[in-house]
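The structure appears below as C-alpha cells.
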Amino acid sequence: MKKIILLIMLSLATLNADYRVPVKLPSITFPIAVDKDFRVMQRNCQWCHSYGYILNQGKQSKEYWNKIVVRMRDVFKAPITKKDEKTVTEYLFKHYGVK
Ligand code: HEC
C-alpha cells in the first residue's frame, strides 16, 4: 500500500514542475509566393499548419500537388471545394512546380 501511495506521489510530482527561467521559443516564418490566387490558397491551407509543409516538399509535378490538396480534403477533412482544389493546385504548381 505504501509503495502504491509513493508511486502516485512520485508520478504527480512531475505535474508541479516549476520553470523559473524564461523560455524563448524560436519564431519561424516561411516566405510564400503572393499572386492573384494567394488568398484562395491562404483560405484553404493556412489554418491547420504552417506554409513550411508546402515549402519543404521542394519542386513537384502538378499531379503531386493535386494529390496533396485532395489528401488534405479527403484524409484530413479540410473543406476544400472542387473550384478551390483546381485554383490551389494551379497556384502550387506555378510557384513550386518542376519546370
Ligand atoms: C484540416 C487541416 C488541414 C488543412 C486545412 C490543410 N492541411 Fe495539410 N496537413 C494536415 C495534416 C494533419 C498533415 C499531416 C501532418 C503530419 O503528418 O505531421 C498535413 C500535411 C501536409 C503536407 C505534408 C505532406 C503530407 O502529405 O503529409 C503538405 C505539403 C500539406 N499538408 C499541404 C497542404 C495544402 C497545400 C493545404 C491547402 C490545400 C493544406 N495542407 C491544408 C492538415 C491540413
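In listed order, ligands and their atoms are each counted from 1. This one's a predicted model, so the numbers in the text were calculated from it and none came from an experiment.
- For ligand 1, the atoms closer than 4.0 angstrom to any heavy atom of Leu92 are 35 (C).
- No side-chain heavy atom of Val88 sits less than 4.5 Å from a side-chain heavy atom of Phe93.
- Without hydrogens or angle criteria, Asn66 side chain to Lys62 main chain gives no donor-acceptor distance under 3.5 Å.
- Note: His49 and Tyr53 have parallel aromatic rings, judged against thresholds of 30 and 60 degrees for the angle between ring planes.
- Membership of the apolar cluster around Val23 extends to Leu25, as traced through chained side-chain contacts below 4.5 Å between ILVMFWY residues.
- Taken together through direct or relayed side-chain contacts under 4.5 Å among Ile, Leu, Val, Met, Phe, Trp and Tyr, Val70 and Trp47 form parts of separate hydrophobic clusters.
- Atom NZ of Lys86 has 12 or fewer heavy atoms from other residues, nucleotides or ligands within 6.0 Å.
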Determine all donor-acceptor pairs shorter than 3.5 Å in which one atom belongs to a side chain in residues 37-45; sequence neighbours excluded.
unit_1 : atom_1 : unit_2 : atom_2 : d
Arg39  : NH1    : Gln42  : OE1    : 3.3
Arg43  : NH2    : Asp84  : OD1    : 3.3
Arg43  : NH2    : Asp84  : OD2    : 2.9
Asn44  : ND2    : Val40  : O      : 2.8
Asn44  : ND2    : Asp84  : OD2    : 3.1

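- Within the 4.0 Å heavy-atom cutoff, Val75 does not count among the residues contacting ligand 1.
- We find the NZ-CG distance between Lys2 and Leu7 to be 14.5 Å, quoted to the nearest 0.5 Å.
- Given atom 23 (C) of ligand 1, the protein heavy atom at minimum distance is Gln57 NE2, 3.6 Å.
- Sorted by first and then second residue, the ring-ring contact (aromatic ring centres under 6.0 Å, His included) pairs with a member in residues 54-89 form an empty list; sequence neighbours excluded.
- Protein N, O or S atom count below 2.8 Å of atom 8 (Fe) of ligand 1: the structure gives 2.
- Within a 4.0 Å radius of atom 9 (N) of ligand 1, the protein contributes at least one heavy atom.
- The contact set between ligand 1 and Ile80, taken as ligand atoms under 4.0 Å from a residue heavy atom, comprises 38 (C).
- The ligand atoms of ligand 1 that sit less than 4.0 angstrom from a heavy atom of Asn44 are 5 (C), 37 (C), 41 (C).
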